Each structure stands twice: as structure tokens, then as C-alpha cells.
2 protein chains.
Amino acid sequence: MSGGEQPIQRPGGLPAIIARRLRASIADGRFEPGEQLPTQAVLGEMYGVSRSVIREAISLLKSDGLVISHQGLGQFVNPEGSSVFRLDADLGDGENLSELIEFLVSVESAAAGYAAQRRTDRDLAAINGALRALARAVDAREDGVSEDVAFHRAILKATHNEYFIDFGDFLENRVRGFIRKARTNTARQAESLMAEVQQEHEAIEAAIAAGNAEAARLASQRHLLNAAQRLRIYLADQLT
Amino acid sequence: MSGGEQPIQRPGGLPAIIARRLRASIADGRFEPGEQLPTQAVLGEMYGVSRSVIREAISLLKSDGLVISHQGLGQFVNPEGSSVFRLDADLGDGENLSELIEFLVSVESAAAGYAAQRRTDRDLAAINGALRALARAVDAREDGVSEDVAFHRAILKATHNEYFIDFGDFLENRVRGFIRKARTNTARQAESLMAEVQQEHEAIEAAIAAGNAEAARLASQRHLLNAAQRLRIYLADQLT
DNA sequence: CGGTTATGTTTGTATGATAATCTGATCCAC
DNA sequence: GTGGATCAGATTATCATACAAACATAACCG
């Protein structure tokens, strides 16, 4: 999967390497919170790279809120600690896939619960419309990817919570897209699989329509866990 | 709160501005997925800045996985979409505080549930030890901050899931630290408040010890929601 | 026709210079 | 002396330029 036909993927260049080292140094306490970092010129000497590289590395740490720099003053380790939670899904290696799925399920199912409590009639109509469109697509022997996306997005939208919606976009781009690719590649049992998926979808929709948060959580949880299971089977087949 | 005694916080410099614009352009579809971006030299002309600035901006997008660059080839919009979920908590504005808390509660309570299912005896001992240490600190009229941190961290550790642990660190740095500051600043009712918090902690610990995932989820949920409520009261008082 | 070699383009890195901004010391007036 | 303005130094921010490395394509040759 990783490292195939595409041009080789380097660790990210010198700036990324330096950034990693600096991050480690901060984490290890070699630079304490609030402490002033060496100047860019000095850091350049320390690591044997030019100031441009140091600047890019620092820039990355700044975007994570780990470092704060003031013109004329210097650069400091943010005493508040990193201000962002960064979830980078390196799917496909299968290493910590289970752990990641667990985390994803927690969020997704919670979102479904909130959606059940908050969905307006308009939300419900959108969810229902997406579900029926998906059914039509499956009947027409299409893949129904865009309809699947619309369905899940409609649910997240019904939470009326920006954070869940953003998280859903991430989930969509990285994980569900991956799952879908796996699914279409194992087109053998596509028929029964599609029916299974559709059934899970309908369970979610019914719970949300009924305003039953607990049921929505469970149904959503089951759906994603099943998808993960199907993905695992696919990955196992790949290794033969 | 924001913009007080510290040196004024600029929007982040030219690179951050350019990065925002590029991000917007990609989101708006002005640059389609997989499409090649203009060269750094051209982008520099377009925005009227030097190539260094463009490089730093692109570097930020690359760290989000939104852009991929190949030496000698050019820079491309990642067709897979962003590979990271970025949760930056701009707490203190109170704007979408409720939404954020909702998201945090979802994750934290799920973690408590997993902890209840998986905790080893050693985990349980760590949690219990932290809880008793916290009680001692409160009795001794100390703030007990470090003990509080240790308690929550021990729980997250008991999930044996790296993602929850990382998330806990973020939560700790940004949110709980903020809550704690609010709490100590309203030291008037500290006595009854501490007792209330301790009671909530004990409920979580008991559920985890009993291996009751559902109870652990609920207890954790209640604890964080109450903390958020206490925070809201504090913030409201501030506005007088 | 197939493989090899130029060639041009683009990103990566280095280097040096200038502008902007902040701290701390210095200086001057009163 | 004290308070405020001014200056010097340090440091980041930005710019400009040059060279190295990697890649695609076209030209070339056997």
C-alpha cells in the first residue's frame, strides 16, 4: 500500500526532521515551558542547517501552538502547552487500527446520539432523502459513494455542532474513503454486503427519527464497528 | 482574558495569512484535488511576497497533509484531502464553549468506559493512589492540581489506547488547566466545591473498579459537565 | 526501436542583507 | 535625583539571490 507506484515519500525534508527533534526536546523537558529557545541563528549552527530550515521548523511548531515567537524578543516554549489536538490517521498500516477505530467510534456514535436529540424536521428530511437516494443507487447497481457521503454528512449536520461536523469531514476523507475503496475492491460479495450496510443505515435513521439517542448511539456504533470488521477482513485477504 | 498583559498577538505573520488564503482557495475548489498548484515563484508574485514566505505557508499546508510537494515536479493538492483532524481550542471566548465541551465529554466519557473494561490491577492501583493523594492534598488545604492531573491521566492510561491518552494530554493542557484556574480564582466556595469534585472523582473510580463501563461513562460525563457548568458560572461572574 | 544522455523546470537548501520590533541602558532636562 | 526621551543591541520577519537535487521530457545514439 505505502511506497508503491508514487514517487518515494521522504520523511518530509530537513524542516520536518528539525521540527521533530525540537518537539522531542520540548517533550523531554530539555526546554522547559516558558523558556526562551536559542535564537534561530544558534539553532541553525546547532543542527548544522541554514536559518531558512530552522524558520520552517519553528513555523510548524508555532502552528501547533507549541512555540510562540515575538519579533525582537525571541522564541519561547508556550507555557500553556500545545493548543491543538492533532489526529493524523496513518491508516493502512493496520498497526494501531483497532485503537484508532475505537476512538472514531466514540466520537461518531456520540454524534449520532446528539443528532437524535436535536434533529429538526429539515435535518430529518435531509437524512431520509440521502438514505433513499442511496437505496436507489444500490438498486441501480451504482457504487453510491456520493450518496453514502451525503447520508453520513446529513447526520453530522443534525448535531448542530461544528466540531462534530469537522470531525466528520476528517473521518470521511481518510477513513470512510479507505473503507469504501476496500469494499468496492471486494466486489464479489457486494450484493449481500450492500444490503447489510443499508440495513445498518436504516437502523441509524430510524433511531434518529424516533429521537432515541441511546438507540442512535448503538446503531451508529454497530455500523462503524462492522465496517471496521469488514475492512480487517479485506486487509487480511490482501496479505495472502 | 485574551490580549492583556502579554505582547500583542498578531495574526501570525505573512506565512499564516497566505496559508489561510490558500486553504480557502482549496476549500472553495479554486484548486481542485490532485491539481498542481502554481510554482512557488508564481505564488510569490501572485501574493506579492517573497518565496520564503510562500515556502513557509506551503509548509504549513503540507504538515496538515493538504498539499504534497515533489522536488522537481511541483506542488499538488492532496487528492485524499487533509490527513489530520485539528482541534484547536480557543477557550475563553465562550462563543462555542458549549459545543466544544460536548465534544470533549463524548471522548472523555468513552475513555472512562474503556478504562472500566480494560483496567489492570496495576491501573486500578494507580488510579486509587492518585485519588487518595488528591484527598490528602485537599485535606492539607493545598490546591491539589498535580494530583488531579495524575488522577485523570491514570484513567486515560487505563484505556491502553494511545489516541485517548494523547487526547487527554490536550484536554489537560488547554481545558482542565483553564477550569482549574477558574476554580482557584473563585476560592470563596472552595471548600464545598472541592468536596463536590472529590465526590465525582470517587464515583468514577468506583465504576472503573467495578468494571462497570456504563456507570463509568455516566460518572465521567457528569464530572466534566459539572466542571463546565462551574466554569460558565465563573465566566459569567467575570463579565460583571 | 530501445536505452542513454542532455536539458529545462521545480522544489530544497544556503547565504547575506534589510526592515521591524522589543529590551535595556544611556542621556538630558528639570 | 527623577522621569521621560533617545540610542544601541539583539532578534525575528522578510526579501533577494544563488546553487544543489530530483524529476519529466525530449533529444540522441547504437
Side-chain angles (χ1 to χ4, degrees), chain A residues 3-22 25-26 31 34-79, chain B residues 3-23 25-26 31-32 34-79:
Chain A
E5 62 283 333
Q6 299 282 14
I8 192 64
Q9 195 78 318
R10 283 258 247 17
L14 283 183
I17 296 174
I18 305 290
R20 259 196 297 275
R21 288 211 210 172
L22 284 175
S25 291
I26 291 174
F31 297 120
E35 184 182 342
Q36 179 169 10
L37 292 175
T39 68
Q40 294 173 351
V42 172
L43 282 175
E45 274 192 8
M46 284 172 57
Y47 288 108
V49 297
S50 77
R51 222 189 109 200
S52 323
V53 172
I54 296 292
R55 280 195 59 75
E56 273 192 39
I58 294 284
S59 172
L60 294 179
L61 300 188
K62 279 195 297 185
S63 84
D64 280 0
L66 204 65
V67 165
I68 299 177
S69 64
H70 296 292
Q71 191 167 352
L73 251 177
Q75 311 163 131
F76 304 84
V77 179
N78 187 350
Chain B
E5 59 286 333
Q6 300 280 15
I8 192 67
Q9 195 77 315
R10 284 260 245 12
L14 284 183
I17 295 174
I18 305 289
R20 260 196 296 277
R21 288 210 210 173
L22 285 175
R23 223 184 286 266
S25 292
I26 291 174
F31 297 120
E32 289 184 17
E35 183 180 342
Q36 179 169 12
L37 292 174
T39 68
Q40 294 172 352
V42 172
L43 282 175
E45 274 193 7
M46 284 173 57
Y47 288 108
V49 297
S50 77
R51 219 188 113 198
S52 321
V53 171
I54 296 292
R55 279 195 58 76
E56 274 193 38
I58 294 284
S59 172
L60 294 178
L61 301 187
K62 279 196 295 187
S63 84
D64 280 0
L66 204 65
V67 165
I68 299 176
S69 64
H70 295 293
Q71 192 167 352
L73 254 176
Q75 311 161 132
F76 305 84
V77 179
N78 188 351

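Quick note on labels: first sequence line is chain A, next is B, and so on, each numbered from 1. Values reported hereafter were calculated over all heavy atoms of this structure, with side chains retained and with hydrogens, waters and symmetry mates removed. Source: prediction; values computed, not measured.
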Do any N or O atoms from the side chain of [X] and from the backbone of [Y] form a donor-acceptor pair under 3.5 angstrom?
{"X": "B:S25", "Y": "B:R21", "answer": "yes"}
{"X": "A:Q36", "Y": "A:L73", "answer": "yes"}
{"X": "A:N78", "Y": "A:G65", "answer": "yes"}

Can you measure [X] atom [atom1] to [N] atom [atom2] for me and round it to whole angstrom units?
{"X": "A:I68", "N": "D:dT11", "atom1": "CD1", "atom2": "P", "value": "19 Å"}
{"X": "A:I54", "N": "D:dT11", "atom1": "CD1", "atom2": "P", "value": "15 Å"}
{"X": "A:L43", "N": "D:dT12", "atom1": "CG", "atom2": "C1'", "value": "12 Å"}

### Query
Where along nucleotides 7-17 of chain C does protein come under 4.0 Å, by heavy atom, of base (B) or sugar-phosphate alone (S), with - for untouched nucleotides?
--BBBBBBB-B
### Query
How would you list, by chain and number, every residue that makes a side chain to side chain contact (heavy atoms under 4.5 Å, CB included) with B:E35, sequence neighbours excluded?
B:F31, B:E32
### Summary
B:A41 and B:R51 have their tightest heavy-atom pair at N-CG, 4.2 Å
